[in-house]
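Numbers here simply count residues along the sequence, with the first being 1.
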Amino acid sequence: MNLAENTQYDLVIIGAGPGGYVAAIRAAQLGMKVACVEKQYLGGTCLNVGCIPSKALLDSSQRYYELKGDIAKHGIAVGNLSLDLHKMIARKDDVVKSLTSGVGMLFRKNKVDHFPGTGAIKSASQVEVSAADGSKQTLSAKYILIATGSVPAGLPTISFDGKNILSSTEALALIEVPKKLLVVGAGYIGLEMSSVWSRLGAEVQVLEFLDRALPGMDKEFAGLLQRSLEKQGIKFHFGVIAESAKVENGKIKVAWKSKDGSQTGSEDADKVLVSIGRKPLTESLGLEKLNVMMDKRGFIQVNTKTFETSVRGIFAIGDVIGGLMLAHKAEEEGIAAVERMAGQAGHVNYKHCPAVVYTHPELATVGLDEETAKAQNLTIKIGKFPFAANGRAKAMGETEGSVKIIADAKTDEILGCQILGPHASDMIAEVTVAMEMGASSEDIARSFHAHPTLEEAIKEAAMAVDKHAIHI
Ligand code: FAD
């Protein structure tokens, strides 16, 4: 949509990522007249350069990796295996295209007006859209929702150049497998990208400032995943600060020092991926003039129930407000925010927000991890069950990992769950729903689970909470 005849809206949303586009559709369902301004791509980071393309490459690279080695254990011999990276990347691009065009279709179906261009907030009821051809128009709205997301955070001394020093965006579009890839940051994006390129044949080394991978996730299970990735050939260096990078004779030399400064060194690589986190994207919105409050790191501050900012009528959701920077969190916030605008009781229960690392095995988690529960002085009981004792996992030849369930020692309410193993990303949904319903570990332990399924490991872990698992 370009020049609209009637530019008066109930809601103008800036940003069409999972937060913005889902909010737009829900608001339209609630009877609002909605406009969504998007400067780059429908579907935002998630569909274009995040969740979806990374999972497409993780899936393709895992198939290749299995065919190269693991498939032999099933009695399948593959001859003349070769990699067509161009085709793999093209498939990923096709997946992205079909999903992003689906967002356009959903906008049309729900009568959401899409304005391609950059949105700037002129007042609490006016958004100016600057299109790529230089034309401008002003949209008026009762409510404005900021859903502008985030961009990769760089290191002051190692800046992205898109060619040698990459962000995740470029790491998802390489046209050649690098001989050696150095990854700065052992968060989930770093580990997923490390997995893709390591499976496709790159030597991968990860430099991490902290003394562990995946800070914020269960320490025991993050450690198990790290060891599994090491077995796959990825090397980790912890307690290390990447200090500078220089391109010399086509190689990148990254100088590092240990956290305490006692050791220094350097590592050569063909490509460097900096994945140290993401920062909020608020530039060009004009928030300073409006007194929209932001924290020290630039995240917009909101009322966590209504998602209204410090300026009445202006709301914000998704990565740009911080917290867990995940697509499903942005979606839930988008829905809750517009339901609140419509006078409904939308809410987000952050306690039960799952998070997944899509490596192999996958690591999925919901609720409290063991250290956090202990740090909060909660009296807990823990049940664990390994996939090595699960019939379906054995049949699949996927026995690595376990399920851990943490329950309140007195009430038996499930407080958290970690799953390291095959299809952990799908399985965590069972526990998420159970927790949302206030279930106890006994509720899961006494529920039917079809046999043979991986989910039986969840049932057995729930039984193990009260020490009556059957198969261990
Ligand atoms: P975004 O998706 O960032 O969308 C914001 C949109 O706003 C963008 O399209 C941008 O162009 C637009 N915009 C910004 N400023 C303006 C402006 N002034 N005017 C108009 N438009 C503007 N999350 C998961 O849950 N699961 C995963 O598996 C996962 N994998 C990821 C893998 C990678 C490599 C990356 C980088 C991220 C991944 N994420 C994942 C995180 C996820 O992508 C984000 O949490 C999610 O996209 C945030 O949604 P959002 O709507 O808040 O913002």
Side-chain angles (χ1 to χ4, degrees), residues 151-171 174 177-279 296-297 325 357 359-361 363 369-372 374-375 420:
V151 286
L155 284 164
T157 51
I158 307 182
S159 19
F160 297 122
D161 63 12
K163 195 166 155 251
N164 296 303
I165 318 266
L166 315 175
S167 72
S168 54
T169 302
E170 296 85 39
L174 292 176
V177 179
K179 269 211 183 77
K180 184 165 167 189
L181 174 69
L182 208 61
V183 176
V184 182
Y188 81 92
I189 294 177
L191 297 194
E192 290 183 3
M193 290 295 93
S194 296
S195 292
V196 166
W197 294 109
S198 153
R199 291 168 190 168
L200 297 180
E203 177 195 339
V204 178
Q205 298 205 12
V206 182
L207 305 184
E208 166 59 51
F209 172 74
L210 298 172
D211 60 359
R212 55 165 291 190
L214 299 169
M217 291 188 108
D218 186 271
K219 197 170 181 180
E220 180 195 7
F221 274 37
L224 291 171
L225 175 57
Q226 178 204 320
R227 280 193 281 289
S228 175
L229 295 175
E230 279 166 346
K231 275 192 253 154
Q232 292 165 39
I234 298 171
K235 284 202 185 101
F236 288 86
H237 307 276
F238 292 108
V240 164
I241 303 168
E243 283 213 297
S244 64
K246 253 198 323 218
V247 183
E248 273 176 7
N249 308 324
K251 292 260 178 209
I252 310 140
K253 190 182 267 304
V254 174
W256 57 264
K257 71 170 185 201
S258 59
K259 223 164 30 175
D260 61 7
S262 65
Q263 288 177 53
T264 56
S266 69
E267 202 64 55
D268 284 347
D270 299 283
K271 300 279 176 204
V272 175
L273 163 64
V274 177
S275 54
I276 55 160
R278 296 180 60 85
K279 57 180 188 188
K296 273 193 248 145
R297 296 162 63 207
M325 290 166 89
V357 188
T359 43
H360 193 89
L363 175 56
D369 59 51
E370 199 176 329
E371 302 87 70
T372 312
K374 285 178 180 160
L420 178 71

Taking the side chain as every heavy atom from C-beta outward, state whether [X] and [Y] have any pair of such atoms under 4.5 Å apart.
X      : Y      : result
Phe236 : Glu230 : yes
Phe238 : Leu210 : no
Ser275 : Val183 : yes
Asp369 : Phe221 : no
Leu191 : Tyr188 : no
Leu181 : Glu203 : no

Taking [X] for its side chain and [Y] for its backbone only, find out whether a donor-acceptor pair lies under 3.5 Å.
X      : Y      : value
Glu371 : Lys219 : yes
Gln232 : His360 : yes
Ser244 : Thr157 : no
Asn249 : Lys251 : no
Glu192 : Ile189 : no

Minimum heavy-atom distance between [X] and [Y], given as atom pair plus value:
X      : Y      : answer
Leu225 : Pro361 : CD1-O, 3.5 Å
Gly154 : Phe160 : CA-CE1, 3.6 Å
Pro178 : Lys271 : CB-CG, 3.8 Å
Val177 : Gly201 : CG1-C, 4.1 Å
Asp270 : Asn164 : O-OD1, 4.4 Å
Ala242 : Val254 : CB-CG1, 4.2 Å

Can you measure from [atom1] ([X]) to [atom2] ([Y]) and round to the nearest 0.5 angstrom?
X      : Y      : atom1 : atom2 : result
Leu174 : Leu166 : CG    : CG    : 5.5 Å
Gln226 : Leu214 : CD    : CG    : 9.0 Å
Ile252 : Ser266 : CD1   : OG    : 13.0 Å
Ile241 : Leu207 : CD1   : CG    : 11.0 Å
Ser167 : Ile276 : OG    : CD1   : 11.5 Å

| task | Go through the steps for Val357 and Met217 under the test side-chain contact (heavy atoms from CB on, under 4.5 Å), then give the verdict. | result | CA-CA 10 Å; Val357 188; Met217 291 188 108; 3.6 Å; yes
| query | Would Ser195 and Leu229 count as a side-chain contact (heavy atoms from CB on, under 4.5 Å) if you check the C-alpha gap in whole Å, the side-chain angles of each, and the deciding distance to 0.1 Å? | reply | CA-CA 8 Å; Ser195 292; Leu229 295 175; 3.8 Å; yes
| Crowded around Lys180 NZ? As in, over 12 foreign heavy atoms under 6.0 Å? |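 Yes.
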| field | Atom NZ of Lys235 with >12 non-hydrogen neighbours under 6.0 angstrom | value |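 No.
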